[in-house]
K.L.:
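The structure under discussion is supplied below as structure tokens; questions concerning it will follow.
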Amino acid sequence: MTYAQLIHNTESIASDLMGCGVRPWRRVALVCEDSIEYVVLSLAVLSLRATIVPVSPSLSATEQETLFERMGVHYVLRPPAEADAAGPGETLHLGAHRFAVIARGSAPDPDDEYRRLEPAFIRFSSGTTGASKGVLLSHKAIIDRTAAANRGLKITSDDTILWVLSMNYHFVVTILLFLREGATIVLAGSEMPRGLIRALSTERITFIYAAPFHYRLMSSAADITAGMLTAVRAAVSTAMALPESVSQSFKAKYGFQLSPAYGI
């Protein structure tokens with residue numbers, strides 16, 4: 001998908017969401033697998049100044065419903081097959097994919113204090129400190145964070161980024177940063193290690209953002225050779241602390257050090 005197509009699809013979906021009643025400050029729970037569709041839907045919600053509440057499809061129906069209630073979600077956006085039990089809703093068409101937009105009438109209207117926060121994302125996270133909590137990011141915080149992060153990462157439109165993580169837990173200072181700088185993002189998919197091997201063998205990757213699990217795979221898989229990473233200028237490790245054994249085995253095979261970025 002080109003950037004022109006991305007913008008066109010985003011504007012089209014945003015118009016459809018407005019037709020479904022989505023307005024600024026309304027909280028929209030996004031239940032979607034990692035995909036280009038996830039990116040388009042997120043950008044469409046943000047463009048309306050509504051608030052994204054990312055919800056992992058791996059959660060059970062009960063867990064999802066608990067999150068919807070705790071967050072006071074106004075709309076749920078997800079594939080229709082998963083939405084059937086939740087009642088009727090409007091349907092969006094994005095290429096060959098369909099998504100249901102389900103209004104939840106029980107959610108209270110946003111108050112003035114909430115509006116002043118200009119919320120763009122609210123995600124539940126335990127971070128590194130324990131109890132689960134709602135973490136709010138404003139539109140300004142996204143601009144500030146991506147700008148600050150890129151002073152170190154130096155992402156440009158010349159970069160081709162290998163993406164293997166969950167967008168439900170990693171999106172703002174990664175996907176949005178990469179898009180802001182006009183980089184190319186290669187979605188390896190969830191099928192490991194085949195998706196990883198396919199991406200590395202067919203694309204000239206310059207930047208990797210992954211977890212220690214993926215770097216362990218790269219270090220041990222015979223089908224992933226040192227020659228596949230010759231164009232990589234940086235590889236960031238996140239999601240959990242980087243074990244020393246993974247760091248050492250990766251450097252021994254590829255000749256450069258991983259950059260740990262956990263708990264930032």
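Since the structure is predicted, the reported quantities are computational estimates derived from the model, not experimental observations. The analysis underlying the following values was restricted to heavy atoms, covering all of them including side chains, and did not include hydrogens, waters or symmetry mates.
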K.L.:
Roughly how far, to the nearest 0.5 Å, is CD1 of I161 from CG of L153?
P.N.:
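Between atom CG of L153 and atom CD1 of I161 there are 9.0 Å.
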
K.L.:
In this structure, would I36 and I7 fall into the same cluster of hydrophobic residues linked by side-chain contacts under 4.5 Å?
P.N.:
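Result: no, two separate clusters.
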
K.L.:
To check you understand the geometry: which heavy-atom pair defines the closest contact between L196 and V164, and what is its length?
P.N.:
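Heavy atoms only, the tightest pair is CD1-CG1, 3.8 Å.
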
K.L.:
side-chain contact (heavy atoms from CB on, under 4.5 Å) with V55: which of E63, Q64, M71?
P.N.:
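For V55, the side-chain contact (heavy atoms from CB on, under 4.5 Å) test succeeds with only one of E63, Q64, M71, which is Q64.
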
K.L.:
Only counting residues at least two apart or in another chain, list the ones meeting salt bridge (charged side-chain N to carboxylate O under 4.0 Å, His left out) with R180.
P.N.:
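R180 satisfies salt bridge (charged side-chain N to carboxylate O under 4.0 Å, His left out) with no residue once adjacent residues are dropped.
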
K.L.:
So do P57 and R78 actually touch side chain to side chain, heavy atoms under 4.5 Å?
P.N.:
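No - every pair of side-chain heavy atoms lies 4.5 Å or more apart.
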
K.L.:
Using salt bridge (charged side-chain N to carboxylate O under 4.0 Å, His left out) as the criterion, list what pairs up with D144, not counting sequence neighbours.
P.N.:
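For D144 the salt bridge (charged side-chain N to carboxylate O under 4.0 Å, His left out) partners, ignoring immediate neighbours, are K140.
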
K.L.:
Please answer: with hydrophobic residues joined when any side-chain heavy atoms are less than 4.5 Å apart, are I143 and L46 in the same cluster?
P.N.:
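Result: no, two separate clusters.
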
K.L.:
Closest heavy-atom contact between R198 and T202?
P.N.:
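Shortest heavy-atom separation between R198 and T202 comes out as O-OG1, 2.7 Å.
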
K.L.:
Would you check, one step at a time, whether the test side-chain contact (heavy atoms from CB on, under 4.5 Å) holds for L258 with M218?
P.N.:
CA-CA 12 Å; L258 292 172; M218 292 181 207; over 6 Å; no

K.L.:
For a 4.5 angstrom cut-off between non-hydrogen side-chain atoms, does L179 reach Y3?
P.N.:
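Yes, side chains in contact.
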
K.L.:
Could you measure the distance from the OG atom of S259 to the CZ atom of F207? Nearest 0.5 Å is fine.
P.N.:
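So the OG of S259 and the CZ of F207 are separated by 8.0 Å.
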
K.L.:
Please confirm whether the backbone N or O of L30 pairs with a side-chain atom of Y75, one donor and one acceptor, at under 3.5 Å?
P.N.:
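Absent.
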
K.L.:
Is there side-chain contact between I208 and L229, with at least one heavy-atom pair below 4.5 Å?
P.N.:
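They are in side-chain contact.
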
K.L.:
The test is side-chain contact (heavy atoms from CB on, under 4.5 Å); show your working for L117 and L136 and say whether it passes.
P.N.:
CA-CA 9 Å; L117 293 173; L136 184 149; 4.0 Å; yes

K.L.:
What distance separates H93 NE2 from R98 CZ, expressed to the nearest 0.5 Å?
P.N.:
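Result: 6.5 Å between the selected atoms.
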
K.L.:
By the salt bridge (Lys or Arg N to Asp or Glu O under 4.0 Å) test, which pairs, at least two apart or in different chains, include something from residues 152-175?
P.N.:
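Matches after skipping sequence neighbours: D159-R233.
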
K.L.:
Once you round to the nearest 0.5 Å, how far does OG of S42 lie from CG of L176?
P.N.:
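Here the interatomic distance stands at 7.5 Å.
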
K.L.:
Determine all donor-acceptor pairs shorter than 3.5 Å in which one atom belongs to a side chain in residues 9-17; sequence neighbours excluded.
P.N.:
{"from": "N9", "atom 1": "ND2", "to": "Q5", "atom 2": "O", "distance (Å)": "3.3"}
{"from": "T10", "atom 1": "OG1", "to": "L6", "atom 2": "O", "distance (Å)": "2.8"}

K.L.:
Tell me, please, which residues at least two apart from T160 pass side-chain hydrogen bond (donor to acceptor under 3.5 Å, both in side chains).
P.N.:
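Here no residue qualifies.
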
K.L.:
Can you tell me if CZ on R104 sees more than 12 non-hydrogen neighbours from other groups inside 6.0 Å?
P.N.:
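Yes, enclosed.
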
K.L.:
Any ring pair (Phe, Tyr, Trp, His ring centres under 6.0 Å) pairs touching residues 54-74, not counting sequence neighbours?
P.N.:
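Qualifying pairs, neighbours excluded: none.
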
K.L.:
If you count heavy atoms of other groups shown closer than 6.0 angstrom to CZ of R194, is the number above 12?
P.N.:
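For R194, atom CZ is not crowded (no more than 12 foreign heavy atoms under 6.0 Å).
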
K.L.:
So, do I185 and I175 sit near enough that their side-chain heavy atoms are less than 4.5 Å apart?
P.N.:
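They are in side-chain contact.
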
K.L.:
Kindly state each residue pair satisfying ring pair (Phe, Tyr, Trp, His ring centres under 6.0 Å) with at least one member in residues 26-63, sequence neighbours excluded.
P.N.:
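For residues 26-63, and leaving out neighbouring residues, the ring pair (Phe, Tyr, Trp, His ring centres under 6.0 Å) pairs sorted by first residue read Y38-F171.
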
K.L.:
Taking H214 for its side chain and A211 for its backbone only, find out whether a donor-acceptor pair lies under 3.5 Å.
P.N.:
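Here the side-chain-to-backbone pair exists.
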
K.L.:
Identify the heavy atoms of R115 and P110 that sit nearest to each other, and give their distance.
P.N.:
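Heavy-atom minimum between the residues: NE-O, 3.4 Å.
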
K.L.:
Where is the tightest heavy-atom contact between M167 and L187, given as atom of each residue plus distance?
P.N.:
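Minimum heavy-atom separation between M167 and L187: CE-CD2, 3.6 Å.
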
K.L.:
How far apart are the C-alpha atoms of T238 and T174, what are their side-chain angles, what is the distance that settles it, and do they pass the side-chain contact (heavy atoms from CB on, under 4.5 Å) test?
P.N.:
CA-CA 11 Å; T238 188; T174 50; over 6 Å; no

K.L.:
Taking atom OG1 of T225 and atom CD1 of I197, what is their separation to the nearest 0.5 Å?
P.N.:
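Reported to 0.5 Å precision, the distance equals 10.5 Å.
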
K.L.:
What is the minimum heavy-atom distance between P79 and V31, and which atoms define it?
P.N.:
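Closest approach of P79 to V31: CD-O, 3.3 Å.
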
K.L.:
In terms of hydrophobic clustering (I, L, V, M, F, W, Y; side-chain heavy atoms under 4.5 Å; direct or indirect links), are F256 and Y215 co-clustered?
P.N.:
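Both belong to a single hydrophobic cluster.
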
K.L.:
For K251, which residues count as a salt bridge (charged side-chain N to carboxylate O under 4.0 Å, His left out) partner, sequence neighbours excluded?
P.N.:
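By the salt bridge (charged side-chain N to carboxylate O under 4.0 Å, His left out) rule, K251 matches no residue at all.
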
K.L.:
What is the minimum heavy-atom distance between P108 and R27, and which atoms define it?
P.N.:
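What the structure gives for the nearest pair is O-NH2, 3.9 Å.
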
K.L.:
Run the numbers on R216 and S245 for side-chain contact (heavy atoms from CB on, under 4.5 Å), then give the verdict.
P.N.:
CA-CA 9 Å; R216 190 186 300 276; S245 59; 4.2 Å; yes

K.L.:
Using the test side-chain hydrogen bond (donor to acceptor under 3.5 Å, both in side chains), find all partners of R70 that sit at least two apart in sequence or belong to another chain.
P.N.:
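Partners of R70 by the side-chain hydrogen bond (donor to acceptor under 3.5 Å, both in side chains) criterion come out as none, since no residue qualifies.
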
K.L.:
Please tell me if the side chains of T156 and E181 come closer than 4.5 Å, counting only heavy atoms from C-beta onward.
P.N.:
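Not touching, per the 4.5 Å side-chain cut-off.
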
K.L.:
Heavy atoms, side chains only, cut-off 4.5 Å: are V186 and W163 in contact?
P.N.:
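A side-chain contact is absent here, since even the closest heavy-atom pair is not under 4.5 Å.
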
K.L.:
Which residues satisfy the salt bridge (charged side-chain N to carboxylate O under 4.0 Å, His left out) test with D109, sequence neighbours excluded?
P.N.:
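D109 satisfies salt bridge (charged side-chain N to carboxylate O under 4.0 Å, His left out) with R26 once adjacent residues are dropped.
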
K.L.:
Aromatic rings Y254 and F250: how do their planes relate, parallel, tilted or perpendicular, breaks at 30° and 60°?
P.N.:
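Y254 vs F250 ring planes: tilted.
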
K.L.:
Do S35 and V40 have side chains that approach each other closer than 4.5 Å (heavy atoms only, starting at C-beta)?
P.N.:
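With C-beta onward as the side chain, the pair stays apart.
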
K.L.:
Can you list every ring pair (Phe, Tyr, Trp, His ring centres under 6.0 Å) pair that touches residues 132-153, not counting sequence neighbours?
P.N.:
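Qualifying pairs, neighbours excluded: none.
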
K.L.:
Linking I/L/V/M/F/W/Y whenever any side-chain heavy atoms sit under 4.5 Å apart, do L41 and M1 land together?
P.N.:
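Yes.
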
K.L.:
Got Y209 and L165 here, is their nearest side-chain heavy-atom distance under 4.5 Å?
P.N.:
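A side-chain contact under 4.5 Å exists here.
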
K.L.:
Rounded to the nearest 0.5 Å, how far does CG of L137 lie from CD1 of I142?
P.N.:
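That separation rounds to 6.0 Å.
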
K.L.:
According to a 4.5 Å side-chain heavy-atom criterion applied to Ile, Leu, Val, Met, Phe, Trp and Tyr, with indirect links allowed, do Y169 and L77 form part of one hydrophobic cluster?
P.N.:
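The answer is no; the residues belong to distinct hydrophobic clusters.
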
K.L.:
Among pairs that include at least one residue of residues 43-56, which meet side-chain hydrogen bond (donor to acceptor under 3.5 Å, both in side chains), considering only residues two or more places apart or in two chains?
P.N.:
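Sorted pair list: R49-E118, T51-Y114, S56-S58.
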
